[in-house]
S.K.: 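To start, I am sharing the structure in question, which I have written as structure tokens.
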Amino acid sequence: MTRHRDIEAEALDWLVRKADPDWATQDEEQLNTWLGLSYANKAAYWRLEHGWQQAQRIGSLGKWDEPTRSFRNKLKWWHPVAAAASVMLIVGFDAAIPESEPHYAPPQHFQARIGERTTVPLPDGTKVEINTGTAIRVAQSEVRREVWLDTGEAFFEVAKNKDKPFVVHVGKQTVTVLGTKFSVRRDADKVTVKVLEGRVQVDGDGEGGAGAAIIGAGQFAVTRASSTLLGSMPEDRIQDAFTWRNGMLRFDHATLAEVADEFNRYHRKPIEIVSKDLKGMEVGGTFQAQNVDAFVRLLRDAYGLNVNETETAIEISD
Amino acid sequence: MFPILRPQLSFAQRQCISVFISGGQMLDDEHLNSWFRREILPLESLLQGYLRRNWRSSDDIVELRQDVYERVLIGARKGGVPADARAYLFTVARNHLINRAKRAKIVSFEALADLEVFEPLADGQSGERYFIARDELRHAKAGIEKLPPRCREVIRLRKIEGMTAKETAVILGVTTDTINQQLKYGMKALIDHMLGGPGKIVRNIGKIGSRNSEAGQ
């Protein structure tokens, strides 16, 4: 006896699809046709729709003033959405929060827009510098300090407190520290951790593959999917890894494509390398991240490349 | 599969078996839908309780409930909105259980007559839950808290923060298929919870199960 179960699954599909932004008139017509097939279809769809509308009232909530404590899970995981209008601010919890947590303050959102760089002081004395196009969320409780890095790059100068671990969540990755200076950067599914001082522990997603790795000063860890690459930065390059904190980009034997990608993190109008053979061209030097014009001028004047600025891009060709 | 036998009912109680229908014109879908939401769906937990008490196999409850809803809609569509939605719903439910048991050819019709009959409540003694807005929110939140963490997260990002499946997949580091599946589990459980059910995750969405039927054990 599964007739209604199957109908319910279909009805649920419709309900999910209908919420899609690309739901069109012909989809609506198809749904109506399906509903018209039987009252069983109607009963299932109307029931789900009604129940879901009721559940969705939570979405209109500004804040949970009185978190219910009747269930074992005491996450403070709801957050005002209205304030977080920008996509940049949307955060992913990693669902790794222990259930024994006594209390959660509402997480706070911070962001740096494209081209911006800012320092966020935390209540425990930790300083977080966030780079261009970065969104983080911070929650500090009595027993734990947590930051979620959703996009971009951040440098942490963590106040020492061995009783309260400081945890950075990056997608499925976590970086746990007690007191140190390090940066975390997220590029799509790639996560790079670079340590300036102290030691941090980098944990994979716990689903096979990468386990925990501890890296110290001058070392880095690059994680993609479930594999992690550990390495050391040469002595004279360690500071280079953090030059963004001064608004500078430093390149040494980088390719033009890499340099362009890096600049493009700071600007809405991207540099596009039109000629393919230029992409591998070696570039070195120190540039102001904000000053893409100076860099482009250098390409034109020193390397004799053609620069063509359009509405949407700065095109470089030879 | 036997209905559980109930004590003999008084004559007055038996009178409730008749169906109360008023009006007579055909209802359009819009009215039917709003009536269904307003009058019938709030009774869901009562209905499920009734079915559970009067039907041996709890595996069948969801199917029976939807059968009843289907019949309720067809009846109201044809005959107009019943004056007493409650009495109507439970009469349909009872008749359906009788028909199902008859088809199962297991019990005699005499035994079925003793099936629990819906007892009308005195005015103002409504047994179902009516939430004031604040309670509803708390209720909704309790439903969300029951969900497993990953599922809850997907619901939050997709439905509360309005992200696309793709964006959610990127943030959580899983495939969009996983996101969609989790979303459906979570929505179904949450809807169930909002309508007074246990709000548990049921993982067999969309799969053809092998639940037992009136073929009996």
Side-chain angles (χ1 to χ4, degrees), chain A residues 1-10 12-13 15-16 19-21 35-36 38-40 42-44 46-52 54-59 61 64 66-68 70-71 73-75 77-79 81 84 87 90-97 150 171-173 188-189 205 225, chain B residues 29 32-33 36-37 41 44 60 62-63 65-67 69-74 77 133 136-138 140-146 149-150 152-153 156-157 159-164 167-168 170-173 180 183-184 187-188 190-195 204-209 211-214:
Chain A
M1 191 161 58
T2 64
R3 173 174 170 247
H4 289 298
R5 267 178 237 274
D6 298 340
I7 289 174
E8 187 179 47
E10 275 188 84
L12 197 54
D13 271 337
L15 195 60
V16 170
D20 266 0
L35 287 174
S38 78
Y39 281 90
K42 286 193 179 103
W46 289 350
R47 175 181 174 273
L48 290 174
E49 193 181 44
H50 177 70
W52 184 238
Q54 301 231 302
Q56 279 202 308
R57 295 185 188 182
I58 49 181
L61 267 193
W64 299 104
E66 308 165 72
T68 56
S70 52
F71 295 95
N73 199 321
K74 284 159 186 159
L75 282 185
W77 67 283
W78 224 240
H79 191 269
V81 183
V87 166
I90 289 165
V91 233
F93 280 50
D94 209 33
I97 303 166
D150 301 310
K172 287 182 172 182
Q173 295 270 305
D189 65 337
D205 55 16
Chain B
D29 274 1
L32 193 61
N33 186 355
F36 181 61
R37 287 158 178 246
L41 287 176
E44 179 161 309
D60 297 337
V62 170
E63 294 287 323
R65 181 194 73 208
Q66 292 304 117
D67 279 339
Y69 283 162
E70 184 181 9
R71 280 160 177 73
V72 158
L73 288 177
I74 292 170
R77 163 93 182 169
E136 263 180 25
L137 293 176
R138 189 171 298 145
K141 186 173 179 251
I144 287 156
E145 287 187 347
K146 277 195 226 171
R150 184 51 62 122
R152 186 171 48 210
E153 186 55 17
R156 188 179 70 81
L157 291 173
K159 289 300 169 184
I160 310 301
E161 306 220 1
M163 301 179 74
T164 64
E167 287 165 339
T168 310
V170 169
I171 279 196
L172 296 181
N180 286 331
L183 178 70
K184 284 184 203 170
M187 283 172 70
K188 197 158 125 48
L190 205 48
I191 289 164
D192 184 45
H193 172 83
M194 290 312 292
L195 295 172
N204 63 350
I205 292 173
K207 285 185 191 149
I208 306 297
R211 300 287 181 185
N212 56 357
S213 65
E214 52 264 79

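No experiment lies behind these values; they were computed from the predicted model shown.
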S.K.: Give me the atom names and distance for the closest heavy-atom approach of A:Trp46 to B:Asp29.
M.R.: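 A:Trp46 and B:Asp29 have their closest heavy atoms at CH2-O, 3.6 Å.
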
S.K.: Look up atom NZ in B:Lys184 and atom CG in A:Asp13, then write down how far apart they are to the nearest 0.5 Å.
M.R.: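 Reported value, rounded in 0.5 Å steps: 3.5 Å.
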
S.K.: Do you know which two heavy atoms are closest between A:Ala43 and B:Tyr69, and how far apart they sit?
M.R.: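 Closest approach of A:Ala43 to B:Tyr69: CB-CB, 3.7 Å.
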
S.K.: Looking only at non-hydrogen atoms, find the nearest pair between A:Val16 and B:Leu183 and report the distance.
M.R.: CG1-CD2, 3.9 Å

S.K.: For the OH atom of A:Tyr39 and the CZ atom of B:Arg71, what is their distance to the nearest 0.5 Å?
M.R.: 14.0 Å

S.K.: Against chain A, label B:Leu41 side chain, backbone, both or neither, depending on which of its atoms sit under 4.5 Å from a heavy atom there.
M.R.: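 Only the side chain of B:Leu41 comes within 4.5 Å of chain A.
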
S.K.: For A:Glu49, enumerate each residue passing the side chain to side chain donor-acceptor pair (under 3.5 Å) test, keeping only those at least two apart in sequence or located in another chain.
M.R.: B:Arg37

S.K.: Measure the spacing between CG of B:Asn33 and NZ of A:Lys42 and express it to the nearest 0.5 Å.
M.R.: 9.5 Å

S.K.: Can you tell me how far apart CG (B:Leu73) and OG (A:Ser38) are? Round to the nearest 0.5 Å.
M.R.: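 Going from the CG atom of B:Leu73 to the OG atom of A:Ser38 covers 10.0 Å.
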
S.K.: State the CG-NE2 distance between B:Leu195 and A:His50, to the nearest 0.5 angstrom.
M.R.: 6.0 Å

S.K.: Verify, without hydrogens or angle tests, whether A:His4 (side chain) and B:Val62 (backbone) share a donor-acceptor contact under 3.5 angstrom.
M.R.: no

S.K.: Let me confirm one number: the CD-CG distance from B:Glu167 to A:Asp150, rounded to the nearest 0.5 Å.
M.R.: 12.0 Å

S.K.: From the options A:Arg5, A:Glu8, A:Arg47, A:Arg3, select the one residue that forms a side chain to side chain contact (heavy atoms under 4.5 Å, CB included) with B:Gln66.
M.R.: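 Testing B:Gln66 for a side chain to side chain contact (heavy atoms under 4.5 Å, CB included) against A:Arg5, A:Glu8, A:Arg47, A:Arg3 leaves exactly one candidate, A:Arg47.
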
